[in-house]
Amino acid sequence: KDLLEIKITGSQDFHELLEEFFNQDNAIKTAFRPENEADAVLLSMVARASQDFLTNPKYGLDYYLSKRIRHQSFIGLIRSHLEFSNLITTRESENKDFEYNHFWVDKFKSLTSCQKNELNDLLAVFAKEFDDKLIDVRDNVFQLYSEECPAGLIKTEFTLKLMSFLKHVIIETNATFHQFAYYLTPFMWAFLQPSLEITKQYIREDLKPSIMHSADKLKANARKLAGEDEAFADFELKLAEKIADVQRSLEDVMSWFTPLVGVSADSVNLKASKVLNLSINAALDMLKPFNPDIEKQIENTGEIELHQEELTFINDTIFILFDNIKAHSGIKKPKIVLKLLIDHEASTITISCENETKQSDRKKLRDEITKIKKMIDEGQLGDRARSEGRSGFFKLAASIDKATKGNLEIDLNSEGVFNLVISTDLNTYETPVEQVEVNSV
């Protein structure tokens, strides 16, 4: 605003102000070109804020994309329909072969042993195509656009229309810096919106048809090989049913890329037992066919109800815990003791989780836990909280980094029981909108 009041004649050079912005390779693009130094300063400020909005390892968008979408939520939800119906089998890792599909192959009684192996190969090819597509989307498409990830679809774009609007909002409201910062949040989502629409379009026009094509190919080849067998009709029906479920779940995934607007965190109030049950059920839905034996315990001093912030914390934590147990406990149906402590006097929420582990895996788990604890203690969160693969505990550490009473303890005791305790502030992020005084535009 001060710069706008200075009348400067002749040509102006904003090269030094903008050199860093235009040279950086990240998920920020712009068609807006400054007309004066005030525009240049505004663009520079918005660009820096946008970079933090996208990439901050503790609260940036990419951190949440990793924690809530890429870290098993996406693949777990989509894959569960086919895995739960045994149309695809599991494999030890992404580079290993799939287990033999005895469930479906053995139903085809008229096939020879050689033909059964051919049918299993068809199922394995379908499973590999399916998994490879989901992994590619997770690792390359649902990512921030960058030189390292040119297929990433997520980026902000400072359009001329939005930047001009922001500039006039600041001028017309005589905004303070505090109010400017408050305005930036909805503008960041507006800058991001075109890429979110492109992401939904990719799911609708590329991912969904690709999966359907692979399923059609499996059905056609299986019909040629075993179409006369009595089991084929059931197989064809089940395949069609589960692919339809996959398509519906992809519609749900599209909704993940639609920001919620007009929802106040204060408008959501739930009992602790409801929040815990919602979080457990949501996690298990994403991690099918994982079916642990869960013992739930709740201690709520003051019997207070929980807001959106607490629901988010509990939901994210339980998903990461269950995903970790499924992947690393080595037990098909592990016993889990899950405790939720809400301490009104201390203003804290604490989640503790205990689960048994496979004896032969314990030395490897202890070594890994020691390494992770050392990295967390040294503050080495950074990109680990935004990446996939053995990053769950780093995400948990990042989620409480700003909490005044945040604490994370991880241990594997001598009896092979894994224990994790995480605490955060109660209502620490609650900031009523009414406290921010802004003038009408």
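- Listed for the T357 side chain is a donor-acceptor partner under 3.5 Å among the backbone atoms of G416.
- Here the side chains of T350 and D343 are not in contact, with every heavy-atom distance at 4.5 Å or above.
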Verdict with supporting geometry, Y63 and F394, side-chain contact (heavy atoms from CB on, under 4.5 Å): CA-CA 11 Å; Y63 163 70; F394 294 96; over 6 Å; no

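- Between L218 and L87, the closest side-chain pair of non-hydrogen atoms is not below 4.5 Å.
- Side-chain rings of Y64 and W256 stay apart, their centers remaining 6.0 Å or farther from each other.
- Side-chain atoms of S195 come within 3.5 Å of backbone N or O of L192 as a donor-acceptor pair.
- F191 contributes atom CZ, which lies 15.0 Å from atom NZ of K155 (distance to the nearest 0.5 angstrom).
- Scanning for side-chain hydrogen bond (donor to acceptor under 3.5 Å, both in side chains) contacts around D367 gives K363, with sequence neighbours left out.
- With hydrogens and angles disregarded, a donor-acceptor distance shorter than 3.5 Å links the side chain of S279 to the backbone of V275.
- At distances below 3.5 Å, at least one donor-acceptor pair connects side-chain atoms of R366 with backbone N or O atoms of N413.
- Looking only at side-chain heavy atoms (C-beta outward), S80 and F290 stay at 4.5 Å or farther from each other.
- Ring orientation note: the planes of F142 and F257 are tilted relative to one another, at an angle of 30° to 60°.
- Looking at residues two or more places apart in sequence or on another chain, you find a side-chain hydrogen bond (donor to acceptor under 3.5 Å, both in side chains) between K128 and D132.
- Residues passing the ring-ring contact (aromatic ring centres under 6.0 Å, His included) test with F232, sequence neighbours excluded: none.
- Considering only heavy atoms from C-beta on, I211 comes within 4.5 Å of Q247 through its side chain.
- The two atoms that bring S352 and V421 nearest to each other are CB-CG2, 3.8 Å, heavy atoms only.
- Scored by the side-chain hydrogen bond (donor to acceptor under 3.5 Å, both in side chains) test, N407 finds E409 as partners (sequence neighbours excluded).
- Ion pair D323/K326 not flagged as a salt bridge, since none of the NZ, NE, NH1 or NH2 atoms sits closer than 4.0 Å to an Asp/Glu carboxylate oxygen.
- A distance-only check finds a donor-acceptor pair linking the side chain of S399 to the backbone of L396 [under 3.5 Å].
- Put simply, the side chain of D425 never gets that close to the backbone of A403: no donor and acceptor are under 3.5 Å apart.
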Candidate pair L196 and I154, rule side-chain contact (heavy atoms from CB on, under 4.5 Å), full reasoning: CA-CA 7 Å; L196 298 181; I154 310 300; 4.3 Å; yes

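- Under the rule for a side-chain contact (heavy atoms from CB on, under 4.5 Å), the partners of K296 that lie at least two apart in sequence or sit in another chain are L276, N277, I280, I294.
- Here the options are E368, M375, K374, the test is side-chain contact (heavy atoms from CB on, under 4.5 Å), and the partner is I372; only E368 passes.
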Check against salt bridge (charged side-chain N to carboxylate O under 4.0 Å, His left out), D245 and R248: CA-CA 5 Å; D245 289 341; R248 281 190 287 270; 2.4 Å; yes

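- Counting heavy atoms from C-beta outward, F53 and W189 have side chains that approach closer than 4.5 Å.
- Within the 4.5 Å cutoff, the side chain of F98 has no heavy atoms near those of the L123 side chain.
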Residues F108, L225; criterion side-chain contact (heavy atoms from CB on, under 4.5 Å); working and verdict: CA-CA 11 Å; F108 289 79; L225 178 67; over 6 Å; no

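- For the pair L420 and F393, the minimum side-chain heavy-atom distance is below 4.5 Å.
- Other residues, nucleotides and ligands contribute more than 12 heavy atoms inside 6.0 Å of the NZ atom of K335.
- Residues passing the side-chain contact (heavy atoms from CB on, under 4.5 Å) test with L184 are V46, A49, L166, F180, M188, sequence neighbours excluded.
- Between K339 and E299, no side-chain nitrogen of the basic residue sits less than 4.0 Å from a carboxylate oxygen of the acidic one, so the salt-bridge criterion is not met.
- In this structure the side chain of L287 reaches within 4.5 angstrom of the side chain of F319, judged on heavy atoms.
- Between S329 and D361, the closest heavy-atom pair is O-OD2, 4.4 Å.
- A donor-acceptor contact shorter than 3.5 Å is absent between the side chain of D62 and the backbone of L54.
- Between the side chains of T156 and S50, a donor-acceptor pair is found at a separation under 3.5 Å.
- Counting only N and O atoms by type, the side chains of S66 and K395 include a donor and acceptor under 3.5 Å apart.
- The nearest pair of heavy atoms linking D139 to C149 is O-SG, 4.1 Å.
- Using a distance-only test at 3.5 Å, with no hydrogens or angles considered, a donor-acceptor pair links the side chain of K373 to the main chain of I410.
- Counting only residues at least two apart or in different chains, side-chain hydrogen bond (donor to acceptor under 3.5 Å, both in side chains) contacts with residues 227-237 comprise S110-D229, R223-E236.
- The two atoms that bring I336 and C353 nearest to each other are CG2-SG, 3.7 Å, heavy atoms only.
- Listed for the E99 side chain is no donor-acceptor partner under 3.5 Å among the backbone atoms of T89.
- Under the rule for a salt bridge (Lys or Arg N to Asp or Glu O under 4.0 Å), the partners of K238 that lie at least two apart in sequence or sit in another chain are E241.
- Atom CG of L321 and atom CD1 of I314 lie 12.0 Å apart (nearest 0.5 Å).
- When all heavy atoms of K271 and E305 are compared, the pair lying nearest together is CG-OE2, 4.0 Å.
- E83 meets the side-chain hydrogen bond (donor to acceptor under 3.5 Å, both in side chains) test with R79; sequence neighbours excluded.
- When all heavy atoms of S249 and H81 are compared, the pair lying nearest together is OG-NE2, 2.6 Å.
- Applying the salt bridge (Lys or Arg N to Asp or Glu O under 4.0 Å) test to every pair with at least one member in residues 182-209, sequence neighbours left out, gives these pairs: K133-D206, E197-K200, K208-E251.
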side-chain contact (heavy atoms from CB on, under 4.5 Å) between I88 and F126, worked out: CA-CA 8 Å; I88 57 177; F126 168 71; 3.9 Å; yes

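- Every residue two or more places apart in sequence or in another chain that forms a ring-ring contact (aromatic ring centres under 6.0 Å, His included) with Y100 is listed here: H102.
- With sequence neighbours left out, the ring-ring contact (aromatic ring centres under 6.0 Å, His included) criterion links F322 to no other residue.
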